[in-house]
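First the structure, in the form of structure tokens, and then the observations on it.
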Amino acid sequence: MPNSIVVTPHKMSFITAIGVIGIALSYVYPGYRLSNIPIYVPLLFSLFFVPYVIRSYSAGKLYIVAASFAIFVALISYNTMIGAFGFRDWVYVTLPFGAILATAMVAQVVDGLGLERVVRIAVWGSLINLAVMIAQAVNLFSIVTLLAPVWENAINFVSYDEYQAQILWDTLSIRPPGFFPTGIFSSTIIYISLRAHYALYKKYIVFIPISIAIFLTANRTLAIFFVLFESYRLISERGFTRFAAVVALVGFSAAISLFILIEFRVNLYVVQFIFDEVLGGGLSQSGSVTGRLNTYDFFVSVFPKYGLLGGFSSDELAYYGGVFDSEVMLRTLQFGIPGTLALAMIALTPRRPGMTIDWLFLPAIAFAASLTTTLVTSVIYTVVLAVYREVVLYRLVPVAQPDDRRPVDIGPAVAEVP
């Protein structure tokens with residue numbers, strides 16, 4: 001039981017403290033850009049956990065991860081030898097490497113600090129971000145100006161030029177991002193983190209901040225996924241009566257939020273989307289819709305060339321000129337179907353066999369998000385995905401009293417998902 005040991009700051013080991021800092025920073029300081037190279041700060045902390053990688057994985061899972069990594073590197077090597085890839089394309093090797101190190105880091109912190117405390121860090125990091133997002137939406141205490149250097153660093157972290165950076169600056173107040181570069185990042189991280197809390201404790205209250213975060217950022221893909229997936233899970237787990245109660249609670253919260261936004265004339269994109277694009281019939285002319293349709297047409301046209309072994313280089317992506325915001329399409333063109341599946345296996349596979357049914361949330365949200373944005377292969381999600389993968393390895397069980405429950409490693413013998 002990882003929570004059977006009481007750990008205070010002065011008793012915490014050095015390696016555990018390093019991991020705690022790395023996990024905490026993933027919620028408030030994603031990274032910076034050095035000589036036009038984005039540096040994900042939590043990855044620097046995870047480098048301390050290289051010696052712990054092998055012991056963190058079971059033999060079977062280590063084989064899967066190693067084989068997937070080998071396939072991915074082999075595809076990059078092949079495309080380099082035929083002249084399709086250059087040095088910039090080798091930077092993508094850091095994606096699976098970062099996921100592996102994050103897994104080892106979170107595993108060691110859970111062993112040293114306890115799973116419940118790790119989940120608590122994730123929850124508080126999410127709630128702090130949500131509070132900042134609300135403050136950004138109403139510009140409370142002139143926070144947008146007051147903390148401008150924070151937003152500037154976050155935006156520059158993901159922007160390759162001034163044009164991209166300006167687009168993100170323009171959406172700062174209408175799709176508030178918290179400490180992250182965009183609201184898409186913040187709402188997705190909040191969802192995954194609080195979903196980890198739900199996977200462990202089964203407390204429906206976390207759906208309220210999740211829905212508020214999705215609402216504030218107008219994350220439409222996430223909103224559709226949230227409604228469909230959580231409705232299915234709630235009905236299958238608790239029945240229709242409990243499902244209806246949760247829907248009423250979340251719906252009431254959304255209605256109150258919309259009323260406040262309209263009443264106080266808060267200029268959020270979600271209000272524009274609801275009244276102009278949905279109710280006003282302008283959805284078909286929306287730039288995001290037409291842009292994604294153009295991306296789909298381009299993908300279909302070049303898929304026969306790149307679909308199997310990849311080869312769509314970073315230079316070709318820059319020449320494409322448009323915003324290629326579908327992860328599954330872009331990675332398929334870059335690394336082929338085998339390379340894309342290899343990346344997904346590394347990023348989504350728990351480190352040991354035997355996980356609860358809540359693991360299915362990960363491949364489901366990864367696929368849904370990949371249609372319109374990036375999740376599995378974005379470094380910003382590396383740590384939060386590792387936290388969720390760790391949570392599904394445990395289940396709360398009674399210890400002494402009926403109300404006294406602690407997370408226990410469920411092991412492969414009583415796992416719900418093999």
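Asp358 places a side-chain heavy atom less than 4.5 Å from the side chain of Arg195. Contact of the Trp359 side chain with the Thr349 side chain is not registered, since no non-hydrogen atoms from C-beta on lie closer than 4.5 Å. Inter-residue side-chain proximity for Thr373 and Asn219 is flagged as unmet; no heavy-atom pair is nearer than 4.5 Å. Counting only heavy atoms from C-beta outward, the side chains of Leu75 and Pro338 approach each other to under 4.5 Å. The side-chain heavy atoms of Ile23 and Val118, taken from C-beta on, include a pair separated by under 4.5 Å. Using a 4.5 Å heavy-atom cutoff, the side chains of Ile76 and Val93 are in contact.
In this structure, a donor-acceptor pair under 3.5 Å is present between the side chains of Glu230 and Tyr191. Using modelled atom types, one finds no donor on one side chain facing an acceptor on the other under 3.5 Å when comparing Thr94 with Tyr40. A side-chain donor-acceptor contact under 3.5 Å links Thr16 and Ser13.
One N or O on the side chain of Arg175 and one on the backbone of Ala218 form a donor-acceptor pair closer than 3.5 Å. Side-chain atoms of Asn79 do not come within 3.5 Å of backbone N or O of Gly83 as any donor-acceptor pair. A donor-acceptor contact shorter than 3.5 Å links the side chain of Ser326 to the backbone of Ser370.
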Let's go through Arg351 and Glu390 carefully: what are the C-alpha distance in whole Å and the side-chain angles of both, what is the deciding distance for side-chain contact (heavy atoms from CB on, under 4.5 Å) to 0.1 Å, and is it a yes or a no?
CA-CA 8 Å; Arg351 63 189 181 90; Glu390 191 69 19; 2.7 Å; yes
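In this structure, Thr188 OG1 and Ile214 CD1 are separated by 8.0 Å, a value rounded to the nearest 0.5 Å. Considering CG of Asp89 and CD of Glu316, their distance stands at 9.0 Å, rounded to 0.5 Å. Remark: Thr374 OG1 to Ile380 CD1 distance equals 10.0 Å, nearest 0.5 Å. For the atom pair OG1 of Thr217 and CD1 of Ile190, the computed distance is 8.0 Å after rounding to the nearest 0.5 Å.
In this structure, Arg233 is not positioned above the aromatic face of Phe361 in the sense of NZ or CZ being under 6.0 Å from the six-membered ring centre and within 45° of the axis.
Closest non-hydrogen pair, Tyr52 versus Ser56, comes out as O-OG, 2.6 Å. In terms of heavy-atom proximity, Gly178 sits nearest to Val132 at CA-CG1, 3.9 Å.
Taking the side-chain hydrogen bond (donor to acceptor under 3.5 Å, both in side chains) definition, one finds that Ser186 meets it with nothing, sequence neighbours left out. The side-chain hydrogen bond (donor to acceptor under 3.5 Å, both in side chains) search around Gln334 returns Tyr92, Arg331, not counting sequence neighbours. Residues meeting the side-chain hydrogen bond (donor to acceptor under 3.5 Å, both in side chains) test with Trp124, sequence neighbours left out: none.
With Tyr27 as reference, Val384 is the one residue of Ile128, Leu127, Val384 to meet the side chain to side chain contact (heavy atoms under 4.5 Å, CB included) rule. Phe185 pairs with exactly one of Phe157, Phe180, Tyr381 by the ring pair (Phe, Tyr, Trp, His ring centres under 6.0 Å) rule, that one being Tyr381.
Atom CG of Leu44 is surrounded by more than 12 heavy atoms from other residues, nucleotides or ligands within 6.0 Å.
Between Tyr198 and Phe207, the angle of the ring planes lies from 30° to 60°, which puts this pair in the tilted group. Using bins of under 30°, 30° to 60° and over 60° for the plane-to-plane angle, the ring pair Phe225/Phe229 lands in the parallel bin.
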